[in-house]
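In what follows, a single structure is set out as structure tokens and then discussed.
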Amino acid sequence: MTQSANNPILELRDVVKSFGSKHILQGLNLSVSRGESLVIIGGSGTGKSVSLKCALGLLKHDAGEIVFDGKPVKDQKSVEDVRERTGMLFQGGALFDSLKIWENVAFTKINTGKVSRKIAKQEAIETLAKVRLGASVADQYPSELSGGMQKRVALARAIIDKPEMIFFDEPTTGLDPITADAVNDLIVEQVKALGAAAVTITHDMASVRKIADTVAMLYEGKIIWCGPVDRLDDSGNEYIDQFVHGRAQGPIQPAM
Amino acid sequence: MSSTVFNPFAAIGRAFLGATSEIGRLAIFAGRTLWACITPTIYLREVLRQCAQIGFYSLPVVGLTAVFIGAALALNIYTGGSRFNAEQFVPNIVVLGITRELGPAFAGLMLAGRVGAGIAAEIGAMRVTEQIDALHTLSAKPERFLFAPRVIAATLTLPLLVLIADIIGVMGGWLVSVGALDFNGTIYLRNTMEFVTFNDVITGLIKAAVFGAIIAIMGCYQGNNSKGGAGGVGRAATLAVVSGAVLILASNYVLTSIFVQVGL
Ligand SMILES: Nc1ncnc2c1ncn2[C@@H]1O[C@H](COP(=O)(O)OP(=O)(O)O)[C@@H](O)[C@H]1O
Ligand SMILES: [Mg+2]
């Protein structure tokens with residue numbers, strides 16, 4: 001593992017998570033530095049989403065340690081600290097169906113009641129502009145938007161509070177290649193603008209090459225390879241080679 | 001060793017442990033939700049939206065149920081009463097039956113279907129599309145933002161619905177009595193008003209408030225627990241209706257016996 005671990009913002013140490021007899025994470029180690037963009041690759045159902053959810057305290061890990069900004073995440077207070085300083089873009093967008101687009105984007109602003117609804121709406125519209133959405137969508141509902149637009153709204157919601165770290169769970173899955181590329185561009189642009197660390201889950205090698213500084217591959221509950229993105233093609237790791245080239249033959253059994 | 005052989009004691013033990021832990025989980029969930037109902041922050045906007053959703057749009061269902069129940073009740077009492085020449089008690093027994101028992105119980109059961117299933121499906125869909133996880137990551141508590149507004153709205157609006165159901169139910173009895181049983185309409189109403197007491201009505205409304213809370217809590221609980229896509233959401237809705245209805249009938253008995261004890 002050749003990852004530079006100076007001043008990591010997030011560390012997962014030997015994290016274990018099972019659902020009943022399904023052992024999903026079996027000693028997962030990950031480290032994300034400030035401002036670094038880490039991409040996690042791996043087959044479907046290997047526990048990529050589960051590891052992000054453990055880091056956010058949405059799932060309780062069975063063993064191991066999660067350290068955020070140098071402090072172990074143990075109690076409710078530390079979990080809340082992580083959530084406040086981290087943005088998350090969920091796999092399906094997870095926009096609130098019953099709320100308008102601007103209310104989705106400005107959800108935390110409205111909720112904490114620190115600003116008036118009028119100012120919150122203004123900030124939402126400004127943030128929507130950053131993801132190239134016009135003010136006209138602000139008063140629409142999520143179901144009225146296309147998949148790509150919903151992902152952009154979800155991105156706007158994830159960045160509005162200027163987080164120090166952002167998680168992207170399969171941000172381009174289900175989008176056509178052109179829209180996917182546009183969403184990737186937005187992600188890179190906005191993460192850079194914030195100077196935030198990013199952890200992205202994806203199956204899509206084009207996204208990996210566009211987004212990643214560092215790539216980690218999850219297989220059978222562990223990170224089996226981790227390295228800079230430019231080492232992807234000469235990693236000397238047969239699992240990585242199989243995944244990068246999308247071959248059914250190799251050490252990884254297709255999930256069927 | 002013996003794990004491959006069917007062991008009835010182990011099976012019973014497992015079922016018992018499963019049921020106890022389910023009750024425990026439900027109790028913790030209900031406690032948290034009710035706490036969120038009575039402590040700040042209350043999301044008033046959501047409460048109002050749910051009042052419209054739960055209360056206003058349930059009016060047709062509750063009204064139709066009440067009119068038919070009142071009418072059938074009047075016919076039954078007339079037939080039964082005629083066996084000992086007590087037909088004239090139709091208005092009294094109709095209003096007593098409707099306000100104390102049938103109004104709240106039937107409204108509760110109907111809304112366990114309409115509202116309980118609706119809440120479970122909505123929250124369940126939010127669960128499986130990760131919207132509830134999203135709430136957590138945005139530092140909002142689902143019990144405050146989702147569950148409490150529904151429970152508050154159901155607890156407040158169900159008594160109002162039952163009050164309307166009481167009136168419509170009595171009107172149903174009146175219609176049949178005047179239309180088919182040769183009662184005098186004015187005298188029927190006067191008998192009703194002279195007989196019915198404040199306690200008859202208020203006990204029914206207290207029941208309604210409790211049923212409202214039960215319906216909303218079971219809907220939220222089952223929805224929140226749903227997993228595994230659309231099928232899981234469907235199962236959650238079914239469970240919400242069944243468990244809500246059973247709890248309504250059980251608590252109906254408990255509340256009635258308490259009212260009898262304290263002389264309400
Ligand atoms: N809440 C849960 N309860 C039970 N099993 C779960 C839960 N969440 C995820 N799983 C299981 O864990 C495995 C990994 O899931 P996930 O992390 O979502 O996969 P992916 O790597 O595709 O994101 C899957 O087999 C999934 O069925
Ligand atoms: Mg996933």
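All figures in this text were calculated on a predicted structure; none of them were measured in a lab. Each chain gets a letter, A, B and so on, in the order its sequence line appears, and its residues count up from 1.
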Where on Asp97(A) is there a heavy atom nearer than 4.5 Å to chain B: the side chain, the backbone, both, or neither? both
So what's closer than 4.5 Å to chain A heavy atoms on Glu46(B): side chain, backbone, both or neither? side chain
Heavy-atom check, side chain of Met88(A) versus side chain of His136(B), under 4.5 Å: no
Phe68(B), CZ atom: more than 12 neighbouring heavy atoms under 6.0 Å: no
Inter-residue atom distance Thr137(B).OG1 - Glu80(A).CD, 0.5 Å rounding: 12.5 Å
Using 0.5 Å steps for rounding, measure from the CG atom of Leu99(A) to the CZ atom of Arg49(B). 6.5 Å
Atom of Arg117(A), atom of Arg45(B) and distance for their closest heavy-atom approach: NE-NH2, 3.1 Å
Distance (rounded to the nearest 0.5 Å) between Leu52(A) CG and Asp133(B) CG: 11.5 Å
Give the minimum heavy-atom separation between Ala134(B) and Phe90(A), together with the two atoms involved. CA-CE1, 3.4 Å
Could you tell me which of Leu56(A), Val82(A), Leu95(A) has the largest number of non-hydrogen atom pairs under 4.5 Å with chain B? Leu95(A)
Here the gap from Tyr43(B) atom OH to Ile110(A) atom CD1, rounded to the nearest 0.5 Å, amounts to 10.0 Å
Any side-chain heavy-atom pair from Leu138(B) and Asn111(A) closer than 4.5 angstrom? no
Taking Thr41(B), Leu135(B), Ile132(B) one by one, which has the highest count of heavy-atom pairs under 4.5 Å against chain A? Leu135(B)
Which region of Ser98(A), side chain (C-beta onward) or backbone (N, CA, C, O), has a non-hydrogen atom less than 4.5 Å from a non-hydrogen atom of chain B, or is it both or neither? both
Rounded distance (nearest 0.5 Å) linking atom OG of Ser139(B) with atom CZ of Arg83(A): 7.5 Å
Determine whether Thr129(B) and Phe96(A) make a side-chain contact, defined as any pair of heavy atoms from C-beta on separated by less than 4.5 Å. no
